[in-house]
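In what follows, a single structure is set out as structure tokens and then discussed.
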2 protein chains.
Amino acid sequence: MQLPRARDVTGKTASNKGTDHHQPTVAVFVVIFTVHEQGLKVLLIRRGGEPFKGWWAIPGGRLGTDETLDEAAARKLVEETGVRDVYLEQLYTFGDLDKTTPAGAVAIGYFALVNYDSVSLPEREDWPTAWFSIDELPASPAGKLELAFNNKDVLDYALRRLRYKLEYTNVAYSLLPPYFTMSQLQTVYESIAGKKLDKRNFRKRVLAMGIVKPTEKTVLFGAHRPAKLYTFSSRQPQII
Amino acid sequence: MQLPRARDVTGKTASNKGTDHHQPTVAVFVVIFTVHEQGLKVLLIRRGGEPFKGWWAIPGGRLGTDETLDEAAARKLVEETGVRDVYLEQLYTFGDLDKTTPAGAVAIGYFALVNYDSVSLPEREDWPTAWFSIDELPASPAGKLELAFNNKDVLDYALRRLRYKLEYTNVAYSLLPPYFTMSQLQTVYESIAGKKLDKRNFRKRVLAMGIVKPTEKTVLFGAHRPAKLYTFSSRQPQII
DNA sequence: TCAAAAGTGTTGTTTATACACCCATGT
DNA sequence: ACATGGGTGTATAAACAACACTTTTGA
């Protein structure tokens with residue numbers, strides 16, 4: 001697979017290429033992220049059929065007749081999580097996902113951000129799904145730590161993109177409930193960044209950016225001072 | 001067309017969608033940019049066949065058998081400009097480019113940056129190509145200022161992406177010859193940003209970023225002080 | 001009164017912006 | 001000597017990073 005990052009293309013000769021057309025298979029898949037219990041999780045599905053039967057993979061399927069790519073991705077997301085109206089963005093299109101599928105297969109990847117508590121995973125025996133911590137991915141049937149196709153690379157790319165996005169957009173709204181504490185918000189950012197952040201600077205930053213605003217409500221979790229609840233200024237994706 | 005920018009997906013019901021599969025047409029197109037005579041230009045092709053016969057469009061074609069997407073894009077680039085080994089990056093994949101083509105058509109867009117003087121345009125009567133200033137796009141046969149398909153939106157998106165990239169990468173190397181003056185470099189940045197930049201601050205910035213370095217060579221253009229020649233520290237794409 | 005998470009300001013450093021004059025050359 | 005583009009530095013403002021103590025609550 002060619003990594004989905006900027007690079008020079010080694011200009012191969014164009015001889016006897018591109019002249020012969022065909023109708024490749026078109027698939028759409030969705031990298032679904034959530035944050036739960038201090039960690040970033042991704043939804044994977046264990047394949048119940050060939051190829052890669054028994055391996056864990058990013059959920060996806062073929063593009064349906066008369067649906068756009070965005071619609072196909074949203075459909076996949078609903079099928080696997082039951083949620084709709086969340087942040088969903090096209091990631092990259094892979095033209096050579098693996099060597100076992102027929103030449104010319106094209107897979108359009110999306111990534112989605114969902115609130116853990118809004119999700120209900122489908123009950124299925126043959127193609128089960130489960131959440132995995134981003135640093136504790138499951139093993140293949142052979143016992144090695146690997147996913148079907150080139151899905152590990154895809155995940156890495158999706159994570160890189162998510163980290164960028166978090167810096168200059170408000171997309172975190174899609175990972176949180178309508179009201180949340182500053183600590184919950186910070187946990188989301190820390191889980192994705194993969195490092196601890198300073199409490200005071202974090203608060204200053206998100207308030208200065210204007211992506212969240214305080215409410216009058218407070219919430220009491222345990223034997224300590226109650227926390228003020230915040231809410232997103234907008235629940236539409238916005239570049240700050 | 002759905003704009004290739006972040007947005008919420010309106011979750012349509014998944015009823016009778018996605019179950020029926022098909023083999024959509026897969027096309028690859030390349031937005032080719034260059035900078036020439038103080039301005040940013042894009043290469044367009046006048047379509048010699050239906051649909052949109054006689055309209056100007058972004059060059060592209062169908063994905064060939066047994067070539068990857070990157071290879072198809074590089075092939076297209078060579079066919080239209082003769083250049084290879086330039087900056088070429090996947091842009092976005094469009095699933096509903098226009099309403100006239102059969103449902104399910106998928107078009108993978110790339111964008112490329114080429115040095116004007118390296119390009120030799122093919123001589124063709126039926127499908128001619130030409131450079132157009134980004135703010136003086138050609139008209140349709142009906143005389144309106146519009147391109148085939150949704151190509152105007154695609155161009156706008158490509159330009160937005162290019163502007164971003166220029167800020168934090170060294171991709172400008174692909175627009176310039178091996179040796180160039182600081183003014184030439186600044187012209188490239190100004191053409192793409194669409195605004196004038198301060199000479200001293202610009203120089204400081206590119207040197208501090210380390211993307212270019214001075215050489216011992218100078219060049220004399222006219223009746224004034226000779227200019228020092230610079231060269232890119234690396235001609236591989238790099239994120240600064 | 002103790003433990004646990006919530007909440008709050010200041011200082012120093014780095015980065016970005018604004019801005020004006022001299023230099024080397026050909027005519 | 002003059003016209004032309006090449007080349008340089010400083011001061012201010014803004015953004016970011018580091019850092020420690022007090023508050024509120026339940027047990």
Side-chain angles (χ1 to χ4, degrees), chain A residues 35-39 163-164 166-170 172 176-177 179-231 239-240, chain B residues 35-39 163-164 166-170 172 176-177 179-231 239-240:
Chain A
V35 173
H36 183 55
E37 284 172 359
Q38 326 261 325
R163 283 181 174 149
Y164 269 118
L166 218 57
E167 296 301 319
Y168 65 96
T169 69
N170 67 341
L176 285 158
Y179 296 92
F180 50 88
T181 67
M182 196 52 86
S183 299
Q184 289 177 300
L185 182 63
Q186 186 170 344
T187 297
V188 164
Y189 274 75
E190 288 177 340
S191 301
I192 294 171
K195 65 180 178 198
K196 289 286 176 191
L197 302 172
D198 179 85
K199 196 160 51 156
R200 286 163 292 188
N201 291 339
F202 177 77
R203 172 182 298 259
K204 252 181 295 181
R205 202 179 97 208
V206 291
L207 289 174
M209 285 200 295
I211 69 173
V212 297
K213 57 187 183 197
T215 68
E216 295 307 308
K217 303 191 180 76
T218 59
V219 68
L220 190 46
F221 276 124
H224 44 261
R225 181 169 173 176
K228 185 175 280 186
L229 286 176
Y230 290 79
T231 191
I239 296 168
I240 315 300
Chain B
V35 172
H36 183 55
E37 285 172 358
Q38 328 259 324
R163 283 181 174 150
Y164 268 118
L166 217 58
E167 296 301 317
Y168 64 97
T169 68
N170 66 342
L176 286 157
Y179 296 92
F180 49 87
T181 68
M182 198 50 88
S183 300
Q184 288 176 299
L185 182 63
Q186 187 170 344
T187 297
V188 164
Y189 275 75
E190 288 177 339
S191 302
I192 294 171
K195 64 180 178 197
K196 290 285 176 193
L197 301 172
D198 179 85
K199 194 161 50 157
R200 286 162 292 187
N201 292 338
F202 177 78
R203 171 182 298 259
K204 253 181 296 180
R205 202 180 98 208
V206 292
L207 290 174
M209 287 200 295
I211 69 173
V212 298
K213 58 186 183 198
T215 68
E216 295 308 308
K217 303 190 179 75
T218 58
V219 69
L220 190 45
F221 276 125
H224 42 261
R225 181 172 174 175
K228 184 175 282 186
L229 286 176
Y230 290 80
T231 191
I239 296 169
I240 316 301

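FYI, side chains are in, hydrogens and waters are out, and symmetry mates aren't considered; it's all heavy atoms of this structure. In this text the structure is predicted, and so the values were computed from the model without any measurement. We name chains A, B, ... by the order of the sequence lines, and we start the count at 1 in each one.
- Computed from coordinates, the A:Phe221 CZ to C:dG7 P distance equals 11 Å when rounded to whole Å.
- Comparing C:dG26, D:dT24, D:dG7 against the side chain of B:Leu220 picks out C:dG26 as the nearest.
- Side chains of A:Tyr230 and A:Gln184 form no contact here, defined as non-hydrogen atoms less than 4.5 Å apart.
- For B:Lys204 and C:dT14, the NZ to P distance is 16 Å, given to the nearest whole Å.
- If you check every strand for non-hydrogen atoms under 4.0 Å, A:Ser183 touches sugar and phosphate atoms only.
- Side-chain atoms of A:Thr231 and A:Val212, non-hydrogen and from C-beta on, never get closer than 4.5 Å to each other.
- Taking only side-chain atoms of B:Arg200, from C-beta outward, the nucleotide of D:dC19, C:dA20, D:dA17 with the closest atom is C:dA20.
- Rounded to a whole Å, the CD1 atom of A:Ile240 is 14 Å from the P atom of D:dA15.
- In the set C:dT10, C:dA4, D:dG7, C:dA4 carries the atom at the smallest distance from any side-chain atom of A:His224.
- A donor-acceptor contact shorter than 3.5 Å is absent between the side chain of B:Glu167 and the backbone of B:Tyr164.
- Checking C:dA5, C:dA20, D:dC19 against the side-chain heavy atoms of A:Arg225 singles out C:dA5 as nearest.
- Spacing between atom NZ of A:Lys199 and atom C1' of C:dT8 amounts to 9 Å, rounded to whole angstrom units.
- Residue A:Ala227 has its side chain nearest to C:dG7 when only D:dT10, C:dG7, D:dG7 are considered.
- For A:Phe202 and C:dG9, the CZ to P distance is 18 Å, given to the nearest whole Å.
- Distance A:Leu207 CG to C:dA6 P: 15 Å, rounded to the nearest Å.
- Of all non-hydrogen atoms in B:Thr169 and B:Tyr189, the two that sit nearest each other are O-OH, 4.2 Å.
- Backbone-only engagement by B:Lys228 is indicated by non-hydrogen atom pairs under 4.0 Å involving sugar-phosphate atoms exclusively.
- The nearest whole Å value for the distance from the CG atom in B:Asp198 to the P atom in D:dG7 is 15 Å.
- The side chain of B:Asn201 has D:dG9 as its nearest neighbour among C:dG7, C:dT8, D:dG9.
- When the side-chain nitrogen and oxygen atoms of A:Arg203 are compared with OP1 and OP2 of C:dT8, one or more of them lie within a distance under 4.0 Å.
- Straight-line distance from the CG atom of B:Leu185 to the P atom of D:dG6: 12 Å, rounded to whole Å.
- Inter-residue side-chain proximity for B:Tyr179 and B:Val219 is flagged as unmet; no heavy-atom pair is nearer than 4.5 Å.
- Between B:Arg205 and A:Ala223, the one whose closest nucleotide on DNA chain C sits nearer the 5' end is A:Ala223.
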